[in-house]
Amino acid sequence: MYKALLRPIFFTFDPEKIHHFTFSLIKFTSKIPGFPALFRSLYLIEDKHLEREVFGLKFKNPVGLAAGFDKNALLYNQLANFGFGFIEIGTVTPKGQPGNPKKRLFRLKDDKGIINRMGFNNEGLEAAIAQLKKNKCRLIIGGNIGKNTATQPEDYTSDYLECFNALHPYVDYFVLNVSCPNVGSHAKLNDKDYLEELIGAVQKANKTFEIQKPILLKIAPDLNNDQLDEIVELVKDTNLDGVIASNTSTDRTGLKASEAQLEAIGNGGLSGQPIKVKSTRVIQYLSEKSKKAFPIIGVGGIHSAEDALEKIDAGADLVQIYTGFIYEGPSLIKRINKALLERKK
């Protein structure tokens, strides 16, 4: 129904406007008696064979929603009805910010991709916490955190710590987003020495809480092998809990979209099918190089059950979808979980 009826209509409108409309539609229909149960009956699969224990957390199934979709934690209770095993909110910054100027979200229909340069638009820390206090579903929630655009380099760590300390009681794991290509001073966030400093500071803060939360690092798909070797070394040296591979890409190689179309769109992070091979390569390299020393959440170009299985075979312990969710609809989650159960037979 989604691909045949809804998607063709949705795709005639501006991507960012239809995103907000879809949010309103899901929220509205979820308030109609019987609809949440209907969504669960259509999409949710509950089976012991789908459960995964990763970085000390028990996931009902390994299919999650990547950060960027529910930035402000407005819809995770309703989205849980579509069968997700976990949902990652954010990226959350200490203060609310509008992000980059519009237009900043673009579909590449022929490539089944999206280019965005949102720029960490979100309502800020306090708004996210107010929503997280309404957690009814007790689904595993990840908190993806970042810095404000206006923050000076010497204060980057303070921004991450502010988010970490305030969100700690309300999320189950944290993701340090240092690889988004749409924020300023990107270079420092990828400097190994700075990453060691940042991770150390967040881990120190983590130890002040009675219950410590897993901390993950989200990395780019464009890293070469030497850079990936540094990531493996970094995770080992800092005892980081895991890695999310990967964020969006700045590479435009091999796209079906014309040069004129890409030039009109401009800069931004590419997601969806065009980065599938890249992200899988990163997962496989990290898994093999580290000898499975740490958990990996695989994300990037998952538009089918086969795509998800490919990520898992490459070494991912869990997977996340975002662009695939937009192109394929909620049935994608069920298809992935069914394929995983088929493997158990």
Side-chain angles (χ1 to χ4, degrees), residues 52-57 59 62-64 66-68 85-86 88 91 142 144-146 173-181 186 189-200 202-203 213-251 253 269-302 306-324 336 340:
R52 300 288 187 275
E53 190 159 330
V54 186
F55 37 81
L57 298 175
F59 295 79
V63 186
F86 61 109
E88 196 171 301
T91 297
N144 187 299
I145 58 176
Y173 70 88
F174 282 91
V175 180
L176 305 180
N177 193 350
V178 297
S179 55
C180 177
H186 190 231
L189 292 176
N190 281 277
D191 180 77
K192 186 171 181 284
D193 290 338
Y194 175 67
L195 286 176
E196 287 179 345
E197 174 194 322
L198 173 63
I199 293 165
V202 174
Q203 288 176 328
K213 303 291 173 73
I215 302 166
L216 288 77
L217 189 69
K218 190 164 188 175
I219 65 172
D222 303 324
L223 302 181
N224 60 39
N225 288 353
D226 289 340
Q227 291 169 316
L228 292 174
D229 288 342
E230 285 193 346
I231 294 294
V232 172
E233 186 180 338
L234 179 71
V235 174
K236 180 183 176 183
D237 291 346
T238 61
N239 291 314
L240 203 63
D241 294 288
V243 167
I244 297 186
S246 61
N247 214 322
T248 57
S249 172
T250 57
D251 186 15
T253 306
L270 173 66
S271 63
Q273 281 275 281
I275 71 164
K276 181 181 79 166
V277 174
K278 270 177 169 285
S279 68
T280 303
R281 181 197 73 83
V282 170
I283 292 163
Q284 186 164 11
Y285 189 92
L286 291 176
S287 180
E288 291 177 356
K289 189 74 176 182
S290 70
K291 297 180 172 60
K292 288 289 291 179
F294 51 85
I296 299 170
I297 298 180
V299 55
I302 298 175
E306 291 72 28
D307 294 338
L309 295 178
E310 188 177 274
K311 292 279 192 285
I312 291 168
D313 290 341
D317 300 270
L318 305 167
V319 295
Q320 289 178 326
I321 60 174
Y322 181 145
T323 305
I336 295 170
L340 287 167

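Just so it is clear, the structure is predicted and the values come from calculations on it, not from any experiment.
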Would you call the rings of Phe59 and Phe86 parallel, tilted or perpendicular if under 30° counts as parallel and over 60° as perpendicular? perpendicular
Rounded to the nearest 0.5 Å, how far apart are CD1 of Ile244 and CD1 of Ile283? 11.0 Å
Could you tell me the separation between the CG atom of Asn144 and the OG1 atom of Thr91, rounded to the nearest 0.5 Å? 3.5 Å
Give a yes or no on whether the backbone of [Y] and the side-chain of [X] come within a donor-acceptor separation of less than 3.5 Å.
{"X": "Asn247", "Y": "Ala220", "answer": "no"}
{"X": "Asp251", "Y": "Asp222", "answer": "no"}
{"X": "Lys311", "Y": "Gly301", "answer": "no"}
{"X": "Asn177", "Y": "Ile145", "answer": "no"}
{"X": "Gln227", "Y": "Asn224", "answer": "yes"}
{"X": "Thr248", "Y": "Gly269", "answer": "no"}
{"X": "Glu310", "Y": "Thr280", "answer": "no"}

List the steps, then state whether side-chain contact (heavy atoms from CB on, under 4.5 Å) holds for Leu340 with Ile312. CA-CA 10 Å; Leu340 287 167; Ile312 291 168; 3.7 Å; yes
Tell me which one of Ser271, Ser179, Ser279 satisfies side chain to side chain contact (heavy atoms under 4.5 Å, CB included) with Ser246. Ser279
For the side chain to side chain contact (heavy atoms under 4.5 Å, CB included) test, which of Val243, Val178, Val175 pairs with Lys218? Val175
